[in-house]
Each structure stands twice: as structure tokens, then as C-alpha cells.
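Here is the structure we will look at.
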Number of protein chains: 2
Amino acid sequence: MLSKKTKYGLKALAYVAKHKGEDPVQIGAIAKSENISQKFLESIMLTLRKAGFLGSKKGKGGGYYLRRQPEEIKMVEVMRILEGPVSMVPCVSLNFYEKCDDCPDETTCSVHSLMVQLRDSNLAVLNKNTLADLIAE
Amino acid sequence: MLSKKTKYGLKALAYVAKHKGEDPVQIGAIAKSENISQKFLESIMLTLRKAGFLGSKKGKGGGYYLRRQPEEIKMVEVMRILEGPVSMVPCVSLNFYEKCDDCPDETTCSVHSLMVQLRDSNLAVLNKNTLADLIAE
DNA sequence: TTATAATCCTAGTATTCCGATAGGATTTAA
DNA sequence: TTAAATCCTATCGGAATACTAGGATTATAA
């Protein structure tokens with residue numbers, strides 16, 4: 001399941017992207033428009049800013065704006081920041097590799113190949129889609 | 001992340017499939033071979049039996065055996081039983097559909113299309129792979 | 001300069017889910 | 001009748017998730 005954090009984060013990014021070129025958008029406006037708890041959204045926006053997707057302006061009239069072009073923000077980047085690894089098991093993760101604690105040997109693990117296939121098919125989708133695709137429809 | 005339940009269940013199915021044609025295999029043997037807590041595995045085997053993948057024989061000399069050919073057990077079936085929906089959000093699930101509580105309208109949801117693509121790419125992999133593929137390598 | 005409006009930041013909390021365990025009841029082979 | 005196996009329900013601790021609280025900081029504008 002997709003976490004609420006990720007879902008809200010994607011919706012918020014889409015909202016900001018839709019208002020590109022205008023004044024910065026406030027958390028309150030996003031929260032209201034997308035039915036998200038404002039306080040929860042605050043922490044998500046902070047994560048997205050620290051990851052470099054968003055910039056912010058403090059004080060009255062402040063808010064958030066995109067720091068990169070929507071076409072250049074791949075979904076795989078956003079998912080890795082918000083949701084974590086693309087892989088379903090750590091031992092096939094490209095960016096978050098870890099040994100599985102129950103597996104003595106990856107080469108003899110019966111689920112390994114299936115997990116690689118799932119990872120790659122998801123990567124294909126997440127590499128192809130950008131923030132621009134999210135707001136296209 | 002893949003739950004331990006699913007991972008263990010897949011490994012156990014693979015183990016049983018490898019011993020097809022022999023005497024039924026015991027939970028204890030699987031648990032030992034695959035580094036799984038025996039009591040935890042018990043409940044997983046029960047689930048797999050109730051779902052129709054496995055049959056069991058009680059009492060001394062008992063154990064579990066496959067009720068269907070490995071080539072006919074699609075991974076998508078097993079995943080749906082053990083892990084739940086293939087989709088990452090309920091509103092794009094084919095077998096577990098539910099409305100998302102934060103979405104007034106699916107057609108205007110910015111993440112909807114991405115979720116459909118992820119679902120379909122995963123379905124393709126899970127439909128193609130069977131239990132036979134798990135033990136092939 | 002002062003009120004207001006916004007982000008920033010840390011900490012805490014309630015709830016849910018996961019992984020595992022406990023303790024037997026039941027069934028069957030030898 | 002004994003041992004070995006599955007069957008079944010209940011429970012529990014810990015981790016993660018989804019939020020909440022409460023202010024600190026910063027910038028605008030009257």
C-alpha cells in the first residue's frame with residue numbers, strides 16, 4: 001500500500017506544479033484543496049523542500065514553489081524520498097541494498113528472480129513518469 | 001516492502017513444489033531449511049491450504065503437498081492471498097476496490113494514472129510467473 | 001514598529017499492523 | 001497407546017504510520 005505521506009506528497013507536488021509561474025502557494029491552500037491535515041502536510045512539504053524539489057519563502061505572502069521543471073522531476077526520485085526503496089526486498093534494491101536476514105545465499109533464494117522482475121517493471125514506470133505527467137490529465 | 005508472511009509463504013510453496021511426488025513435507029522441515037519460525041510458518045501454511053494451493057495430511061507421517069501443478073499456480077493468486085491487493089491504492093484495485101477516503105473524485109486525482117500504470121506492470125509480471133518459475137533457477 | 005501571516009522544527013501520541021508466541025485440541029500411523 | 005503431525009484461537013511486544021501540539025523564526029505591510 002502507498003503511504004498517506006507519499007500520496008499527499010504527490011498531490012501537493014502536483015498542486016504546486018499546477019500553479020507554476022504564480023505566487024508561491026501556501027500549505028493551507030493545498031491542505032484545503034486536497035483534504036489533507038495541514039499539520040501533517042507541513043512535515044511532508046519540509047521533506048520535499050530538503051530533497052530539493054521545492055523551494056520556500058517564509059513570512060507573509062510566502063509559500064512553496066517548484067525548484068525544477070515538472071518534466072525533470074521523475075517519479076522514481078520522489079518515491080524514493082517519500083516511500084523509500086522501489087524494491088520489495090532489500091536484497092534486490094539498487095539504492096537501498098541490504099542483505100535479507102533470513103537468506104543465507106541470494107543466488108539460491110527462490111523469490112529473488114521474481115523480486116528483480118517486479119523491481120524492474122516498477123522502475124520502468126517510475127522512470128518514464130514525471131511530475132508533468134501527473135498534471136497532464 | 002514485502003511482508004515476511006508473503007516471503008515465507010512463497011519460499012514454503014517453492015519447497016513443497018521441489019518435493020513434488022514424494023511424501024508430504026512437514027512444517028518443521030521447511031522451517032529449518034528456510035530459517036523460518038515454525039509457529040509462524042504454521043499459520044501461513046494454514047492460509048495456503050485454505051486458499052487451495054496446498055493439501056495436508058494429519059497425524060504421524062503427515063505434512064503438506066501441492067494440490068495443483070506448479071505451472072498452474074500464478075504468482076498473482078498467491079500474492080493476493082498472502083500480501084493482499086496488487087494495487088498500491090484501493091481505488092485502482094481490480095479485486096479489492098474501495099474508494100479512497102481523501103479523494104472526492106477519482107477522475108481528477110493526480111496520482112490515479114500513475115497508480116494504474118504501476119498496477120498493470122506488476123500484474124504483467126505476476127501473471128507471467130508461476131510457482132514453476134520459482135523453482136526453475 | 002508592530003501586527004500578522006507564513007514557514008520551520010522538535011517532540012509526542014494514538015492507532016494499527018506485523019511478526020512471533022502460547023497452549024492446547026485433534027488426527028493418524030505404528 | 002504413544003508419538004508425531006496438523007489444526008486453531010488467542011495474545012502480545014515492538015515498530016511503523018498518521019497525525020497533533022506548541023512554539024520559534026522570518027518576512028511583509030499597515
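A note on names: the letters A, B, ... follow the listed sequences, proteins ahead of strands, and every chain is numbered from 1.
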Taking only side-chain nitrogens and oxygens of B/Y65, does any of them come within less than 4.0 Å of OP1 or OP2 of D/dT6?
no
What's B/K50 touching, base or sugar-phosphate or nothing? Going by heavy atoms closer than 4.0 Å.
sugar-phosphate
Are A/K4 and B/D101 ion-paired here, with the side-chain N under 4.0 Å from a carboxylate O?
yes
Is there a donor on the side chain of B/K39 or the base of C/dG23 sitting less than 3.5 Å from an acceptor on the other?
yes
Protein-nucleotide distance (A/K4, atom NZ; D/dC19, atom P), rounded to Å:
6 Å
Taken to the nearest whole Å, CG/B/L41 to C1'/D/dA5 is 14 Å
To the nearest Å, how far apart are B/L82 CG and C/dG19 P?
12 Å
Length of the line joining A/I44:CD1 and D/dC19:C1', which is rounded to integer Å:
10 Å
Phosphate-side-chain proximity, A/K57 and D/dT28, N/O vs OP1/OP2 below 4.0 Å
yes
Rounded to whole Å, NZ of A/K7 lies from P of D/dC19 at a distance of 11 Å
Options D/dC7, D/dC19, C/dT7, nucleotide nearest the side-chain atoms of B/S56
D/dC7
Side chains of A/S93 and A/E98 only: does a donor on one sit below 3.5 Å from an acceptor on the other?
no
Contacts of A/T6 and A/E42 projected onto DNA chain D by closest heavy atom; the upstream (5') one is A/T6
Output for pair (B/N35 CG, A/C100 SG), nearest 0.5 Å, gives 12.0 Å
How many Å lie between CD1 on A/I27 and C1' on D/dC19, as a whole number?
15 Å
With a cut-off of less than 4.0 Å, is there a side-chain N or O of B/S37 near OP1 or OP2 of C/dT21?
yes
Please state how far atom CG in A/L46 lies from atom C1' in D/dA24, giving the value in whole angstrom units.
13 Å
OP1, OP2 of D/dC19 versus side-chain N and O of A/S43: anything below 4.0 Å?
no
Using a cut-off of less than 4.0 Å, is there contact between a side-chain N or O of B/R49 and OP1 or OP2 of D/dT6?
no
When you measure from the side-chain N and O atoms of B/Y8 to the phosphate of C/dC18, is any distance below 4.0 Å, counting only OP1 and OP2?
no
If I take atom CD in residue B/Q26 and atom C1' in nucleotide C/dA29, what distance separates them, rounded to the nearest angstrom?
12 Å
State which of C/dA20, C/dT7, D/dC19 makes the closest approach to the side chain of A/F40.
D/dC19
Would you please say whether a donor-acceptor pair under 3.5 Å links the side chains of A/Q69 and A/K20?
yes
Report the residue (B/Q38 or A/K60) whose heavy-atom-nearest nucleotide on DNA chain D is the more 5′ of the two.
B/Q38
Any salt bridge between A/E77 and A/R68, counting N to O under 4.0 Å?
yes
